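Structure, as structure tokens:
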Amino acid sequence: MRQIVFYSMTDFLFSFMVVIIREDKRNVRRKVSEGEDDGTESEEERLRDQREREELEQHLRERDTARTRKLTEPKMSKKEQEEVARRDSAVEKGDTQPIRNFSRQEYLKKRELRKLEELKDYLEDESYLFGDEKLTEAEIQDFRYKKAIYELIKKRTQEEDNVGEYRMPDAYDQDGSVDQEKRFAVSVQRYRDTGSTEKMNPFAEQEAWEDHQIGNATLKFGAKNKQVSDNYEFVFEDQIDFIKASVLAGDNYEDAMPAKPSQESTGKSAFDMLREERKNLPIYSYREQLLNAVKDHQVLIIVGETGSGKTTQIPQYLHEAGYTKHGKVGCTQPQRVAAMSVSARVAQEMGVKLGHEVGYSIRFEDCTSEKTILKYMTDGMLLRELLGEPDLGSYSVIIVDEAHERTLHTDILFGLVKDIARARPDMKLLISSATMDAEKFSDFFDQAPIFSFPGRRYPVDICFTTAPEADYMDAAIATVLTIHVKEPLGDVLVFLPGQEEIEAVEENLKNKIRGLGTKIRELIICPIYANLPSELQAKIFEPTPEGARKVVLATNIAETSLTIDGIKYVVDPGFSKMKSYNPRTGMESLLVTPISKASATQRAGRAGRTSAGKCYRLYTAYNYYHDLEDNTIPEIQRTNLASVVLSLKSLGIHNLLNFDFMDPPPSEALIKSLELLFALGALNQLGELTKAGRRMAEFPLDPMLSKMIVVSDKYKCSDEIISIAAMLSIGPSIFYRPKDKQVHAYNAMMNFHVGNVGDHIALLKIYNSWKETNYSTQWCYENYIQVRSMKRARDIRDQLEGLLERVEIEVSSNSNELDSIRKSIVAGFFPHTAKLQKNGSYRTVKHPQTVHIHPASGLSQVLPRWVVYHQLVLTSKEYMRQVTELKPEWLIEIAPHYYQLKDVEDAASKKMPKTSGPAVV
DNA sequence: GAGCACTGC
């Protein structure tokens with residue numbers, strides 16, 4: 001939103017900046033050469049200079065036109081253009097006086113008012129959103145987007161009328177030069193003083209920045225022959241101004257951090273040292289208070305920053321206080337790795353073997369025994385345990401750790417665990433979270449007391465840009481280079497939304513570095529995202545060589561999932577990709593969205609893990625306070641709930657709409673899921689779990705996949721079906737497509753689609769081929785397939801195979817009968833069917849909407865008349881992913897309760913050509 | 001001929 005609004009202004013000033021930058025470059029060059037031969041340039045240098053300038057100008061021209069093209073704002077009138085041209089020529093002549101008088105603000109205001117009028121009627125009427133004529137999700141997005149812009153403009157014009165023309169108080173000296181310190185002080189003051197932030201002029205920063213830039217122009221051109229300041233050597237084209245707006249306080253950081261335990265320096269045993277270290281943790285001094293609080297209250301909210309030791313220490317304290325005498329202490333983590341590493345650490349501290357008194361339990365791996373009293377596990381694992389032990393009778397304490405992350409499973413646990421605590425007064429419940437949202441947790445858990453203690457962290461300076469950035473990627477690159485040149489050594493972490501952006505930035509940075517040559521220190525660029533093969537991922541953990549700097553370009557993976565030591569600078573453009581789910585259409589989409597304040601804080605905190613750090617936010621403080629949400633929308637409100645509903649039903653929760661959610665999901669999503677489960681035969685008309693439903697709930701899969709497995713018993717192909725289910729549930733990360741070998745990768749993939757068997761069967765072929773090569777890694781490389789994904793598929797398949805026995809399904813193979821495999825698929829996915837239209841698109845059968853076969857599908861060129869699909873995604877179009885052909889009569893045969901003859905008969909009556917491919921009209 | 005943030009059972 002802010003990008004577009006401010007775009008025009010940034011762009012407007014761009015012509016000025018070009019001049020400034022050009023001049024800067026010249027000055028630098030001049031400075032360097034002057035030092036050597038007293039201002040006289042050699043011919044060679046002059047030519048080089050000229051060439052460079054031409055290159056620069058060419059580059060700027062290109063970028064200029066690119067930006068102009070993007071611009072959606074109304075163009076300036078001819079008169080206005082003439083005025084600007086006149087001012088421009090004044091600048092060229094070095095006569096800067098007129099610029100300061102130019103009524104830029106009036107022009108902008110006029111233009112915005114015009115825009116306001118255009119949008120007014122459309123945007124003040126909400127019925128577009130809720131009227132009879134339903135809009136698509138994309139249209140609604142667009143509407144909201146425009147509306148937000150409109151609100152901003154409206155607010156601004158109103159405020160400007162009240163405030164009058166903006167002037168920077170006291171920031172400029174008489175002669176027009178800028179006192180930087182004063183100026184920053186004023187800027188900072190703006191955020192401190194405004195008790196009611198509403199009163200702030202939202203564009204103050206923008207204008208301050210503009211004034212500043214113009215001030216620069218004045219300074220530079222007025223001082224052409226004067227001495228240029230000497231405190232820099234390189235000037236980057238897009239250097240960005242930051243203001244330090246706040247400090248993410250480090251808690252107790254000045255307290256002696258325990259020196260890294262080094263075996264040789266002390267004569268103590270490792271065990272003693274661990275014990276010493278435990279006493280140094282911030283939580284240690286609160287031990288007695290904490291235990292008293294646990295004794296007095298059944299439910300307790302614990303707030304402590306990361307690094308306070310709460311995850312490792314609290315269970316031990318509880319054990320020492322005797323809570324493990326009559327049951328286990330269970331501690332949930334959102335991630336597998338966390339559960340494993342934390343339990344290993346605790347076992348070490350307690351001097352026991354992992355898996356005995358201290359253990360962990362995650363999917364595919366249960367490292368516990370009968371002796372286990374402290375059990376770490378993933379939240380989803382506890383949810384699975386609840387299916388077998390609904391009152392958690394074997395636990396005396398449950399700790400829900402990292403509750404602020406609000407994962408889907410954590411959110412469900414909240415409701416369940418709250419209910420159990422009411423029924424079991426002897427059970428203690430601790431909810432542990434980082435600072436955010438403590439009150440909300442307390443409210444939810446019947447006003448449970450909050451126990452908070454400090455963590456240990458170094459302070460992080462937070463810097464905002466003084467002006468919004470039009471292109472966050474350019475800005476990120478510029479910031480990284482500025483840090484590299486100006487700041488002391490220390491690694492940099494850049495957050496980017498996705499793989500594509502990371503690759504682009506990597507490329508661009510490398511080019512820039514090459515251009516700068518050997519004058520700067522070495523810069524090592526490490527990309528990291530989940531789909532990156534693990535051997536390349538490991539690169540980020542390699543220590544940085546002496547004298548060099550490492551730049552880590554990361555997705556959200558670096559926000560919570562992995563921590564990198566040695567990061568001192570964080571660059572945060574303020575965006576991430578977020579999945580959203582539309583229950584009405586059943587469509588998923590992945591959108592680049594602004595992050596929340598909570599994740600901004602989390603990102604900033606990544607800079608202060610091993611020493612004091614700095615965080616550069618590529619947005620303004622105004623954006624931060626006004627445009628960012630406080631918290632990220634919890635996962636439960638933006639996901640498909642079918643499997644959640646099935647689990648809850650099998651836990652005996654009948655009235656789901658009244659289930660005690662901390663943030664209830666949209667009821668539409670719940671109802672959709674209930675409908676689906678009813679159609680699949682997992683629920684009866686009363687909403688009770690059927691026998692089939694109970695069997696389906698055993699599988700840790702989406703209900704449609706579970707149904708497919710349960711039905712495969714009938715078609716005697718369960719062996720094939722569980723392979724397909726495993727492959728489907730690892731998602732789209734099976735294929736590895738390096739940019740330079742796209743064609744090879746594509747051909748390799750198409751090998752599995754020979755005979756147009758459909759994507760499901762192709763997945764089966766991939767799995768079986770891999771199995772035949774004895775799970776060969778080499779085979780994966782040859783076929784551009786990700787080994788990691790395949791290994792996961794094998795794990796899942798093994799687990800499913802084990803579960804088959806539990807629900808009394810025989811493993812039976814019938815690999816020659818592809819149709820029976822297809823029928824099993826249809827039996828699970830019959831609500832996901834679509835029929836070919838004359839124009840080559842598809843229409844879903846039950847809730848008609850236009851969709852297309854995803855280009856990555858093997859059938860995207862074949863276009864069968866009827867297809868069953870695994871998933872709908874909204875990207876550039878509405879796409880069906882993983883498609884298989886079916887015969888329409890199967891629908892009547894398999895799902896007579898769902899499809900009537902009329903749903904499928906028109907295909908038979910209309911004489912469509914038998915050959916595949918769209919009919920020509 | 002598009003595009004895949006991240007977890008988890």
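Computed from a predicted model, the values in this text were never measured in an experiment. Each chain gets a letter, A, B and so on, in the order the sequences are listed, and its residues count up from 1.
Using a 4.0 Å heavy-atom criterion, one finds that A:Leu408 contacts no nucleic acid atom at all. Within the 4.0 angstrom heavy-atom criterion, no nucleotide atom of any strand lies near A:Met578. Using a 4.0 Å heavy-atom distance criterion, A:Phe364 is classed as making no nucleic acid contact. Contact annotation for A:Ile557: backbone-only contact, meaning every heavy-atom pair under 4.0 Å involves sugar-phosphate atoms and none involves a base. A:Ala530 comes within contact range of the sugar-phosphate backbone alone, with a heavy-atom separation under 4.0 Å but no base atom that close. Across all strands shown, A:Thr378 has heavy atoms under 4.0 Å from sugar-phosphate atoms exclusively, and none from any base. Nucleic acid contact for A:Phe699: none, since no nucleic acid atom lies under 4.0 Å from a heavy atom of the residue. Nucleic acid contact class of A:Thr407 (heavy atoms, under 4.0 Å, all strands): none. Here A:Glu402 lies out of heavy-atom contact (under 4.0 Å) with every strand.
With a 6.0 Å radius and a threshold of 12 heavy atoms from other residues, nucleotides or ligands, A:Lys791 has its NZ atom at or below the threshold. Counting non-hydrogen atoms of other residues, nucleotides and ligands closer than 6.0 Å to CG of A:Leu387 gives a total above 12.
The side chain of A:Gln335 approaches B:dG8 more closely than any other nucleotide in the set B:dG8, B:dC4, B:dA5. With B:dG8, B:dA5, B:dC4 as the choices, the nucleotide that has an atom nearest any side-chain atom of A:His409 turns out to be B:dG8. Comparing B:dA2, B:dT7, B:dG8 by their nearest atom to the side chain of A:Ser561 picks out B:dT7. Considering only side-chain atoms of A:Pro855, the nucleotide from B:dA2, B:dG8, B:dC4 that sits closest is B:dA2. In the set B:dC9, B:dT7, B:dA5, the nucleotide with an atom closest to the side chain of A:Glu635 is B:dT7. The side chain of A:Thr555 sits closest to B:dA5 out of B:dA2, B:dA5, B:dC9. Side-chain proximity of A:Tyr879 to the nucleotides B:dC6, B:dC4, B:dA2 is greatest for B:dA2. Proximity note for A:Asn556 (side chain, C-beta onward) versus B:dA2, B:dC9, B:dA5: the nearest is B:dA5.
Atom NE2 of A:His404 and atom P of B:dC6 are 18 Å apart (whole Å). One can place CD of A:Glu559 at 12 Å from P of B:dC6, the figure rounded to the nearest angstrom.
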Identify every side-chain donor-acceptor pair in residues 330-340 of chain A under 3.5 Å, counting partners at least two apart or on other chains, and give the distances.
residue	atom	partner	partner atom	Å
A:Gln333	NE2	A:Asp401	OD2	2.9
A:Gln335	NE2	A:Ser561	OG	3.4
A:Arg336	NH1	A:Arg363	O	2.9

Can you list, pair by pair, the side-chain donor-acceptor contacts under 3.5 Å of residues 699-710 of chain A, counting residues two or more places apart and other chains?
residue	atom	partner	partner atom	Å
A:Asp702	OD1	A:Met704	N	3.1
A:Ser706	OG	A:Asp702	O	3.1
A:Lys707	NZ	A:Leu680	O	2.8

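Of the two residues near DNA chain B, A:Ile796 and A:Phe735, the one whose nearest nucleotide lies more 5' is A:Phe735. Heavy-atom distances to DNA chain B give each of A:Arg881 and A:Val337 a nearest nucleotide, and the one nearer the 5′ end belongs to A:Arg881.
For B:dT7, the OP1/OP2 oxygens have no side-chain nitrogen or oxygen of A:Arg406 closer than 4.0 Å. At B:dC4, none of the side-chain N or O atoms of A:Ser733 fall inside 4.0 Å of OP1 or OP2 (strictly under the cut-off).
The side-chain tip of A:Arg881 does not point at the ring of A:Tyr869 from less than 6.0 angstrom away and within 45° of straight on. The side-chain tip of A:Arg603 points at the ring of A:Phe495 from less than 6.0 angstrom away and within 45° of straight on.
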